[in-house]
Amino acid sequence: MKIIDLRSDTVTHPTPEMREAMYRAEVGDDVFGEDPTINRLEAMAAERLGKEAALFVASGTMGNLVALLTHCGRGDEAIVGDQSHTFLFEQGGMAALGGITPRPIPNQPDGTLRLEDIEAAIRPDNVHFPRTRLICLENTHNMCYGTPLTPEYTAQVARLAHERGLKVHLDGARVFNAATALGVDVKELVREVDSVMFCLSKGLCAPVGSLLCGDADFIAEARRARKVVGGGMRQAGILAAAGIVALEKMTLRLAEDHERARRLAEGLAQIPGIEVGPVHTNILYFWLTEETDRTPEEVVDGLAERGVRILGRENGRFRAVTHYWITDEDIDRTLQAMREVMGT
Ligand SMILES: *Cc1c(COP(=O)(O)O)cnc(C)c1O
């Protein structure tokens with residue numbers, strides 16, 4: 001029986017085409033700048049996002065950390081969403097490793113930060129305060145229902161930041177999902193930001209890697225920051241080769257994942273005892289209502305016994321994420337399993 005793994009789009013294995021490209025990849029020592037496959041991936045990524053340069057990093061967490069270390073110095077402050085991945089799920093790396101204070105402000109349910117809240121959080125020049133340097137946004141917003149931020153909103157935040165002498169970093173782990181959902185070129189979503197990180201290893205199916213993009217000077221500095229956190233890899237063209245396939249092929253098919261997430265949500269919403277959050281992309285949250293006496297653990301375990309894996313979160317919410325290896329039939333099987341577990 002196939003295991004239907006909906007816990008995350010990070011569970012995606014590389015495609016046969018990726019494995020073939022990895023096998024054939026031309027490689028060199030990337031710390032010397034001599035890996036032709038990495039150089040090609042970085043050039044492609046920069047071109048695709050409309051930025052001057054790009055840097056291949058081991059993970060999204062590393063990409064965000066390197067961006068923070070590059071934009072901010074010790075004692076500086078970065079404004080972040082209180083539901084952002086960077087604030088919640090990256091071990092406070094900016095503080096732990098960079099001496100940077102995170103300044104969390106509320107994420108709205110659509111993943112945005114209110115402009116008034118940002119404005120109010122920017123520190124005036126005063127000897128008592130750290131210096132605000134950076135505003136971080138996340139697109140799509142993982143914890144806020146996978147919502148895409150629009151180009152207009154992103155530009156507004158960037159305008160505010162730049163007027164105040166601040167930079168903007170976008171955690172665009174799933175920025176291609178955002179572009180797909182909004183029907184815009186990804187360039188539109190990142191035009192005004194100073195740096196953007198996106199993941200190859202999620203919905204794009206590559207086994208490892210993320211890219212950090214920005215202007216040439218920023219990326220030159222980021223290359224130093226990557227080295228100091230131990231991210232200077234050698235013949236990593238093996239990994240970049242899969243990333244090239246991801247960028248060329250996988251960014252074009254994400255609408256399928258969004259459609260399946262929508263169909264899964266519609267099916268789940270019809271099961272008594274389940275309430276489903278809004279669905280915009282490939283991430284779907286749902287939870288139990290008072291109509292059922294099932295516990296969250298019973299649901300997760302019951303599904304697992306039927307070959308379906310979802311993520312149970314601390315606050316009683318469940319997360320399901322569609323991706324390349326989830327088919328229409330898998331959605332039907334998941335709904336059937338859920339009906340059995342709920343006893344309806
Ligand atoms: C997954 C994720 C990251 C981190 O990526 P890793 O490759 O898992 O380190 C950062 N931001 C967001 C929004 C993510 O979903």
Side-chain angles (χ1 to χ4, degrees), residues 5-14 41 45 54-69 78 80-94 96-97 102 104 107 110-113 134-149 154 168-181 186 189-190 193 195-213 222 225-226 229-231 233 236 239-240 242-243 246-247 250 254 257-258 261 280-285 311 313 317 319-323:
D5 198 340
L6 295 164
R7 289 172 303 166
S8 178
D9 45 10
T10 56
V11 303
T12 44
H13 289 194
L41 173 64
L55 181 69
F56 184 58
V57 291
S59 66
T61 301
M62 183 183 278
N64 285 335
L65 175 63
V66 163
L68 274 142
L69 292 175
V80 295
D82 65 353
Q83 298 301 309
S84 66
H85 193 281
T86 302
F87 184 56
L88 293 177
F89 302 124
E90 297 174 19
Q91 264 193 45
M94 72 171 91
L97 304 177
N107 272 118
D110 65 357
T112 59
L113 305 173
L134 184 69
I135 301 169
C136 298
L137 296 175
E138 183 174 317
N139 197 8
T140 64
H141 203 291
N142 188 338
M143 289 294 276
C144 298
Y145 305 106
T147 311
L149 304 182
T154 308
V168 179
H169 171 65
L170 180 68
D171 175 348
R174 297 186 180 83
V175 76
F176 285 99
N177 293 88
T180 301
V186 69
L189 289 175
V190 305
V193 303
S195 60
V196 50
M197 179 283 290
F198 72 91
C199 291
L200 297 165
S201 55
K202 295 188 171 170
L204 304 187
C205 254
V208 179
S210 295
L211 284 137
L212 179 61
C213 309
R226 182 185 69 171
V229 297
M233 296 185 282
L239 303 173
L247 209 47
M250 293 297 172
L254 296 170
D257 298 341
H258 299 179
H280 305 279
T281 53
N282 65 330
I283 297 180
L284 155 68
Y285 287 95
L311 209 60
R313 283 239 150 117
R317 288 202 301 180
R319 192 181 79 166
V321 185
T322 55
H323 53 75

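The structure presented is a predicted model; accordingly, all values stated were derived computationally and were not measured. In listed order, ligands and their atoms are each counted from 1.
- Counting the atoms of ligand 1 from 1 in the order shown, those under 4.0 Å from a heavy atom of Asn142 are 15 (O).
- Remark: ligand 1 and Thr140 share no N or O pair separated by less than 3.5 Å (distance only, no angle test).
- Partner of His258 under the side chain to side chain donor-acceptor pair (under 3.5 Å) criterion, chosen from Thr281, Thr322, Asn177: Asn177.
- By the 4.0 Å heavy-atom criterion, His141 is excluded from the residues contacting ligand 1.
- Ser195 and His169 form a side-chain donor-acceptor contact under 3.5 Å, judged by distance and modelled atom types alone.
- Residues that satisfy the side-chain contact (heavy atoms from CB on, under 4.5 Å) test with Leu311, not counting sequence neighbours, are Arg7, Arg313, Arg319.
- Scanning the protein for heavy atoms near atom 11 (N) of ligand 1, the closest one is Asp171 OD2, 2.6 Å.
- With respect to atom 9 (O) of ligand 1, the closest heavy atom belonging to the protein is Thr61 OG1, 2.6 Å.
- Checking only distances, Lys202 does come within under 3.5 Å of ligand 1, N or O to N or O.
- Heavy atoms of Thr10 found under 4.0 angstrom from ligand 1: none, in either backbone or side chain.
- Looking at Glu138 next to ligand 1, no N or O pair under 3.5 Å apart turns up.
- Glu90 places no side-chain N or O within 3.5 Å of a backbone atom of Asn64 that could act as its donor or acceptor partner.
- For Cys199, the side-chain contact (heavy atoms from CB on, under 4.5 Å) partners two or more places apart in sequence, or in a different chain, are Ala173, Met197, Ser201, Lys202, Ser210.
- Side chains of His323 and Asn282: no donor on one and acceptor on the other come within 3.5 Å.
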- Message: Run the side chain to side chain contact (heavy atoms under 4.5 Å, CB included) test on Asn107 and Leu113 for me, step by step, so that the C-alpha distance in whole Å, both residues' side-chain angles and the decisive distance to 0.1 Å come before the verdict.
- Response: CA-CA 5 Å; Asn107 272 118; Leu113 305 173; 3.5 Å; yes

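- In this structure, atom 7 (O) of ligand 1 lies nearest to the protein heavy atom Gly60 N, 2.8 Å.
- Close approach of ligand 1 to Arg174 is summarised as follows: ligand atoms under 4.0 Å from at least one heavy atom of the residue are 15 (O).
- Close contacts between ligand 1 and Ser59 involve ligand atoms 7 (O), 9 (O) [criterion: under 4.0 Å to a heavy atom].
- With a heavy-atom cut-off of 4.0 Å, Glu90 touches ligand 1 through its side chain alone.
- Residue Ser201 has no nitrogen or oxygen atom sitting less than 3.5 Å from a nitrogen or oxygen atom of ligand 1, judged on distance alone.
- Counting all heavy atoms, side chain and backbone alike, Glu138 lies closest to Ser84 at OE1-CA, 3.3 Å.
- Shortest non-hydrogen contact noted between Val208 and Ala58 is CG1-O, 3.6 Å.
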